Amino acid sequence: VSVDVGALLVARTGREVPVSCRAAPILDNDGWLIGAVLVMDDVSGLRAVQKQRERLIRELSEANARLEQEVARREEGRRAALSLMQDAQMAQAALRESEERLRTLFEGLDDALFVHDPDGRLLDCNPVAADIVGLPRDELLKRNIADFLPQAKDASVQCLQTKEGRPMPVDVHRSTITYYGKPAFL
């Protein structure tokens, strides 16, 4: 029977050398123990490789833990971004619905509505305004409000000039509004 045992030899210089020891009995013809064979192998290199292997396993475990944290952080960021996107989509849908309601009101009123910038350039109008002036909406939007309402801006009763140049008395109510983020008048 052979036995394999790890041991530490100390050289005369004091240097410790890890060894693997194997011993086997030496028996006489009658089976009595008369000695032993002891074989020692220097396992310094093997121990160094084992330590390096253990260090690499530890480093890989730490790197794996960091990677798992990064994946979790990114997943959390992805979920947050998805939630923000859903919120933005809902806000856009609500905004579109609100704009549609306002556009329906704007276009459905029986009164003529003009939207113009501070310089008088027409930005928008409803169908009633285009009908009264007698120009298609796209042609009307190439004009200035002064082309149709030449009187002073603060007068409440003015004459709107139609396409034919015929004056039409109108009651004017002017409001300051924000139109696509810029100051305008309705």
Side-chain angles (χ1 to χ4, degrees), residues 47-186:
R47 292 284 160 86
V49 167
Q50 285 175 334
K51 285 183 180 180
Q52 183 178 13
R53 180 178 171 265
E54 289 169 1
R55 181 184 56 79
L56 288 173
I57 288 171
R58 190 173 50 253
E59 288 175 1
L60 283 172
S61 294
E62 291 168 359
N64 190 44
R66 286 191 305 272
L67 183 60
E68 286 175 353
Q69 288 174 345
E70 180 64 19
V71 166
R73 185 185 66 76
R74 288 185 182 197
E75 179 61 20
E76 185 178 314
R78 187 190 69 77
R79 281 193 205 115
L82 183 58
S83 176
L84 286 174
M85 281 177 30
Q86 289 170 339
D87 290 348
Q89 288 171 346
M90 288 173 46
Q92 281 180 330
L95 180 61
R96 271 193 304 275
E97 185 179 313
S98 175
E99 287 175 345
E100 287 173 15
R101 280 194 313 268
L102 287 174
R103 178 55 65 185
T104 300
L105 285 171
F106 184 78
E107 291 180 356
L109 286 176
D110 291 335
D111 294 327
L113 296 175
F114 295 95
V115 177
H116 63 88
D117 68 10
D119 294 327
R121 285 186 297 258
L122 287 172
L123 304 171
D124 205 350
C125 69
N126 67 352
V128 174
D131 286 345
I132 289 174
V133 173
L135 290 173
R137 182 177 178 275
D138 58 335
E139 285 296 318
L140 193 57
L141 295 182
K142 295 176 185 174
R143 304 284 182 98
N144 191 295
I145 192 71
D147 295 342
F148 309 105
L149 290 169
Q151 290 86 359
K153 290 182 180 180
D154 56 354
S156 63
V157 177
Q158 297 184 18
C159 283
L160 178 75
Q161 291 184 348
T162 64
K163 179 181 177 186
E164 297 83 27
R166 180 176 49 88
M168 175 185 285
V170 292
D171 189 18
V172 176
H173 300 277
R174 188 181 310 266
S175 299
T176 303
I177 63 170
T178 300
Y179 189 79
Y180 290 102
K182 296 181 181 177
F185 297 97
L186 173 66

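What you see is a predicted model, and the numbers here were worked out from it, not measured in a lab. FYI, side chains are in, hydrogens and waters are out, and symmetry mates aren't considered; it's all heavy atoms of this structure.
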**Q** Can you tell me how far the CZ atom of Phe148 sits from the SG atom of Cys159, to the nearest 0.5 Å?
**A**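 Nearest 0.5 Å value for the CZ-SG distance: 15.0 Å.
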**Q** Mind checking whether Arg137 and Cys125 have side chains closer than 4.5 Å, heavy atoms only?
**A** yes
**Q** side-chain contact (heavy atoms from CB on, under 4.5 Å) between Arg143 and Leu135: does it pass, once the steps are laid out?
**A** CA-CA 10 Å; Arg143 304 284 182 98; Leu135 290 173; 3.8 Å; yes
**Q** Under a 4.5 Å cut-off applied to non-hydrogen side-chain atoms, are Val170 and Ile132 in contact?
**A**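 They are not in side-chain contact.
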**Q** Quick one: does Phe106's side chain get under 4.5 Å of Leu186's, heavy atoms only?
**A**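 The answer is yes, as the side chains (C-beta and beyond) meet within the 4.5 Å cut-off.
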**Q** Less than 4.5 Å apart, side chain to side chain, heavy atoms only: is that true for Val128 and Leu109?
**A**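 No - every pair of side-chain heavy atoms lies 4.5 Å or more apart.
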**Q** So, the side chain of Asn126 versus the backbone of Leu113: is there a donor-acceptor pair under 3.5 Å, distance only?
**A** yes
**Q** Hey, is the main chain of Asp119 close enough, under 3.5 Å, to the side chain of Asp117 for a donor-acceptor pair?
**A**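 Pair found, side chain donor or acceptor close to backbone of Asp119.
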**Q** Out of curiosity, Lys142 NZ to Asp147 CG, how far, rounded to the nearest 0.5 Å?
**A**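 Lys142 atom NZ to Asp147 atom CG measures 13.5 Å (nearest 0.5 Å).
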**Q** Testing Arg73, Glu68, Arg66 for side chain to side chain contact (heavy atoms under 4.5 Å, CB included) with Glu70, which one passes?
**A** Arg73
**Q** Give, for atom CG of Leu160 and atom CZ of Arg166, the distance between the pair rounded to the nearest 0.5 Å.
**A** 9.5 Å
**Q** For residues Asp171 and His173, report the shortest heavy-atom separation together with the two atoms involved.
**A** OD2-NE2, 3.1 Å
**Q** Got a second to check how far Ile57's CD1 is from Asn64's CG, nearest 0.5 Å?
**A** 13.0 Å
**Q** So, do Ile145 and Phe185 sit near enough that their side-chain heavy atoms are less than 4.5 Å apart?
**A** no
**Q** Can you tell me how far CG of Leu122 sits from NE2 of His116, rounded to the nearest 0.5 angstrom?
**A** 7.5 Å
**Q** Should Leu123 and Lys182 count as side-chain neighbours, where that means a heavy-atom distance under 4.5 Å?
**A**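 No - every pair of side-chain heavy atoms lies 4.5 Å or more apart.
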**Q** From Glu76 CD over to Gln69 CD, what is the distance, rounded to the nearest 0.5 angstrom?
**A** 12.0 Å
